[in-house]
Amino acid sequence: MTAAEFLQWTSELPKGERYELVAGEPLAMAPERNRHNLVKIDCLFSLREAIRTAKIGCTILGDGATVEIDESNVYEPDVTIQCGEPVDLDVTTVPHPMILVEVLSPSTKSVDTHVKLLGYFGLPSVEHYLVVDPVKFVVFHHFRSGDEIGTAILQEGTVSLDPPGMEFEIREFFESVASASG
């Protein structure tokens with residue numbers, strides 16, 4: 001299946017059914033566990049607040065926003081941020097994402113940490129890819145540094161995403177799960 005065929009096909013699916021296109025094959029996205037969902041929401045709220053505090057022109061999107069990597073791969077990150085230009089409000093795709101976030105789940109761990117890492121950084125607009133481990137409370141921050149991709153493994157402290165020029169605290173990504181587990 002091509003990316004265009006996939007996007008047309010997914011537009012006709014019943015509400016709640018979610019898929020990604022990986023190597024030309026549609027893959028159903030498993031239902032999320034509560035831990036995953038809580039961390040994903042905390043990531044979205046934390047990054048939204050960071051955008052507001054920095055007063056930068058970025059749009060943050062959650063579920064449903066898709067990123068077309070190439071003709072055979074279309075992914076749906078947990079959080080997508082596009083900066084510098086507005087998103088088209090009447091489509092599901094985000095053509096120039098700058099920051100992408102994936103919260104790990106048991107069924108997608110290898111795809112999120114390998115396949116998507118390569119795919120996302122194949123897009124010239126991507127500056128940061130945050131892979132969030134909701135069990136170990138760790139963020140793997142992959143970032144563009146000139147012609148190279150760097151990685152920082154973070155468990156605490158302030159993270160600076162530059163560009164676009166915003167900061168957040170690691171603990172904010174895990175607040176709901178930390179308080180739910182006592």
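Sequence positions, counted from 1, serve as the residue numbers for this chain.
Linking ILVMFWY side-chain heavy atoms closer than 4.5 Å, directly or via other members, places I170 and I60 in a single hydrophobic cluster. In the hydrophobic clustering of this structure, V67 groups with V126; members are Ile, Leu, Val, Met, Phe, Trp, Tyr whose side-chain heavy atoms approach within less than 4.5 Å, directly or through other members. At a threshold of 4.5 Å between side-chain heavy atoms, the hydrophobic network of Ile, Leu, Val, Met, Phe, Trp and Tyr places F173 and L61 in two separate groups. F143 and I149 fall into different hydrophobic clusters, where Ile, Leu, Val, Met, Phe, Trp and Tyr residues are linked whenever their side-chain heavy atoms come under 4.5 Å apart, directly or through other members.
Screening residues 3-32 for disulfide (SG to SG under 2.5 Å), with sequence neighbours left out, gives no hits.
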Which atom pairs, donor and acceptor, lie under 3.5 Å between side-chain atoms of residues 85-98 and protein residues at least two apart or in another chain?
residue : atom : partner : partner atom : Å
D88     : OD1  : D90     : N            : 2.9

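Using a distance-only test at 3.5 Å, with no hydrogens or angles considered, no donor-acceptor pair links the side chain of S46 to the main chain of D42. Proximity of a side-chain donor or acceptor of E5 to a complementary backbone N or O of T2 within less than 3.5 Å is detected. Although no hydrogens or angles enter the test, the distance criterion places a donor-acceptor pair under 3.5 Å between the side chain of R144 and the main chain of F121. At least one donor-acceptor pair under 3.5 Å links the side chain of E20 to the backbone N or O of E76. Judged by distance alone, the side chain of D112 and the main-chain N or O of L104 form no donor-acceptor pair under 3.5 Å. In terms of modelled atom types and a separation under 3.5 Å, the side chain of T10 and the main chain of L7 share a donor-acceptor contact.
Ring planes of Y19 and W9: perpendicular class, angle over 60° (limits at 30 and 60°).
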Exercise for review: Would you please test Y120 and V115 for side-chain contact (heavy atoms from CB on, under 4.5 Å) and show each step?
Suggested key: CA-CA 9 Å; Y120 287 148; V115 175; over 6 Å; no

Review point. When you look at E102 and K116, which way does the salt bridge (Lys or Arg N to Asp or Glu O under 4.0 Å) test go after all the steps?
Key: CA-CA 9 Å; E102 293 284 1; K116 288 184 180 180; 3.0 Å; yes

Point to revise | Candidate pair V79 and L100, rule side-chain contact (heavy atoms from CB on, under 4.5 Å), full reasoning | key: CA-CA 6 Å; V79 179; L100 299 160; over 6 Å; no

Practice item. Show your working on side-chain contact (heavy atoms from CB on, under 4.5 Å) between V159 and L161 and close with a plain yes or no. Key: CA-CA 6 Å; V159 178; L161 302 181; 3.9 Å; yes

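Two rings, from F140 and Y129, have their centers 6.0 Å or more apart. Aromatic pair H128/H142: centroids not less than 6.0 angstrom apart.
A salt bridge links K40 with D63: the closest approach of a Lys/Arg side-chain nitrogen to an acidic carboxylate oxygen falls below 4.0 angstrom. A salt bridge links R18 to E32: at least one charged side-chain nitrogen sits closer than 4.0 Å to a carboxylate oxygen.
Between T158 and E169, the side chains place a donor N or O and an acceptor N or O closer than 3.5 Å (distance only, hydrogens not considered).
Every residue was checked against the disulfide bond (SG atoms under 2.5 Å apart) condition with C43, not counting sequence neighbours, and none meets it.
Here the CZ-OG distance, from F6 to S11, works out to 10.5 Å after rounding to the nearest 0.5 Å.
Between L21 and Y75, every side-chain heavy-atom pair lies at or beyond the 4.5 Å cut-off.
Around the CG atom of N34, the shell of radius 6.0 Å holds no more than 12 heavy atoms that belong to other residues, nucleotides or ligands. Taking a 6.0 Å sphere around CD of E148, one finds it holds 12 or fewer heavy atoms contributed by other residues, nucleotides or ligands.
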